[in-house]
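Shown next, in structure tokens, is the structure this report addresses.
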Amino acid sequence: TAADYEFTGTEMPYALANVLSGNSEQALDDIDQDGQLSLLDLYLSTCLEVHTVFKDLEKLQTEHALLDDNGDGIAREVQQPYLPIETPEGDVPPKPAASQRVSTANGDGDFARTLRLLKPTIASETASAEETLEPR
């Protein structure tokens with residue numbers, strides 16, 4: 001490709017910032033449907049946002065996040081079952097049913113699922129920026 005068209009930077013940090021700030025198409029939700037908002041849900045939301053970015057750019061996704069949280073030193077793409085399946089007719093929903101909890105055979109993702117998160121709130125949703133900065 002021509003130098004001006006090369007795409008070598010990673011989208012993951014931007015996607016993470018967008019998910020946390022609420023400025024993404026992908027909301028931070030309970031994606032794994034276990035009834036809790038966890039670090040795994042943040043990871044999955046970020047991976048889905050990266051997927052959306054590449055799709056919107058009409059580019060082949062060359063960035064694939066890996067997660068190793070079981071200590072075996074081998075990272076895996078635990079997000080695969082949660083990503084939409086791309087077909088010529090368009091994206092179809094992820095493979096697992098919404099109520100189905102997906103776990104890898106080696107347990108990657110299980111520890112991240114235990115780390116609970118509080119959903120971030122946007123300052124404009126709760127108060128003006130000045131009210132947020134002033135002590136109460």
Side-chain angles (χ1 to χ4, degrees):
T1 61
D4 291 341
Y5 295 105
E6 288 184 19
F7 183 73
T8 57
T10 179
E11 289 295 323
M12 186 67 112
Y14 303 107
L16 174 62
N18 286 337
V19 168
L20 286 173
S21 67
N23 293 327
S24 72
E25 292 181 28
Q26 178 59 48
L28 178 55
D29 288 321
D30 181 21
I31 293 176
D32 62 354
Q33 300 292 313
D34 66 351
Q36 301 284 336
L37 188 63
S38 66
L39 186 60
L40 181 63
D41 294 310
L42 177 59
Y43 171 82
L44 295 172
S45 294
T46 304
C47 290
L48 287 166
E49 176 68 9
V50 169
H51 174 81
T52 300
V53 167
F54 277 92
K55 184 179 176 192
D56 290 348
L57 292 171
E58 296 181 0
K59 301 284 184 190
L60 180 63
Q61 186 170 342
T62 56
E63 181 175 339
H64 303 276
L66 299 172
L67 179 66
D68 175 24
D69 69 349
N70 67 359
D72 68 356
I74 301 170
R76 292 174 179 80
E77 290 186 50
V78 299
Q79 70 274 15
Q80 281 305 117
Y82 299 94
L83 295 175
I85 301 166
E86 294 184 39
T87 66
E89 297 81 31
D91 285 355
V92 295
K95 298 172 204 169
S99 62
Q100 193 176 22
R101 183 177 153 191
V102 174
S103 182
T104 60
N106 69 344
D108 274 330
D110 288 344
F111 181 68
R113 186 178 278 124
T114 66
L115 301 173
R116 304 293 179 232
L117 300 178
L118 295 175
K119 193 166 188 173
T121 57
I122 313 295
S124 62
E125 292 177 357
T126 58
S128 68
E130 295 82 24
E131 291 174 344
T132 304
L133 297 175
E134 291 178 15
R136 294 184 178 192

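Side-chain atoms of L67 and R76, non-hydrogen and from C-beta on, never get closer than 4.5 Å to each other. In this structure, I31 and Q26 have side chains that are in contact, with non-hydrogen atoms separated by less than 4.5 Å. For the pair H64/C47, no side-chain contact is recorded, criterion being any heavy-atom separation below 4.5 Å from C-beta on. For the pair D108/D68, a side-chain contact is recorded, criterion being any heavy-atom separation below 4.5 Å from C-beta on. Using a 4.5 Å cut-off on side-chain heavy atoms (C-beta onward), L40 and V78 make contact. Between F111 and L39, the closest side-chain pair of non-hydrogen atoms is not below 4.5 Å. At least one side-chain heavy atom of D41 sits under 4.5 Å from a side-chain heavy atom of D32.
No donor-acceptor distance shorter than 3.5 angstrom exists from the side chain of E49 to the backbone of S24, with no hydrogens or angles considered. In this structure a side-chain-to-backbone donor-acceptor pair under 3.5 Å is present from D69 to G109. In this structure a side-chain-to-backbone donor-acceptor pair under 3.5 Å is present from Q33 to D30. A donor-acceptor contact shorter than 3.5 Å is absent between the side chain of E63 and the backbone of V50.
A distance of 7.5 Å separates OG of S38 from CG of L44, quoted to the nearest 0.5 Å. We find the CG-CG distance between L37 and L28 to be 4.5 Å, quoted to the nearest 0.5 Å. E11 contributes atom CD, which lies 9.0 Å from atom CG of N18 (distance to the nearest 0.5 angstrom). Rounded to the nearest 0.5 angstrom, E25 CD and K55 NZ are separated by 9.0 Å. Summarising the geometry, atom CG belonging to L42 is positioned 11.0 Å from atom CG belonging to L115; distances are rounded to the nearest 0.5 Å.
No continuous path of hydrophobic side-chain contacts links Y14 to V19 [ILVMFWY only; heavy atoms under 4.5 Å].
Here the closest non-hydrogen pair linking M12 and A65 is CE-CB, 3.1 Å.
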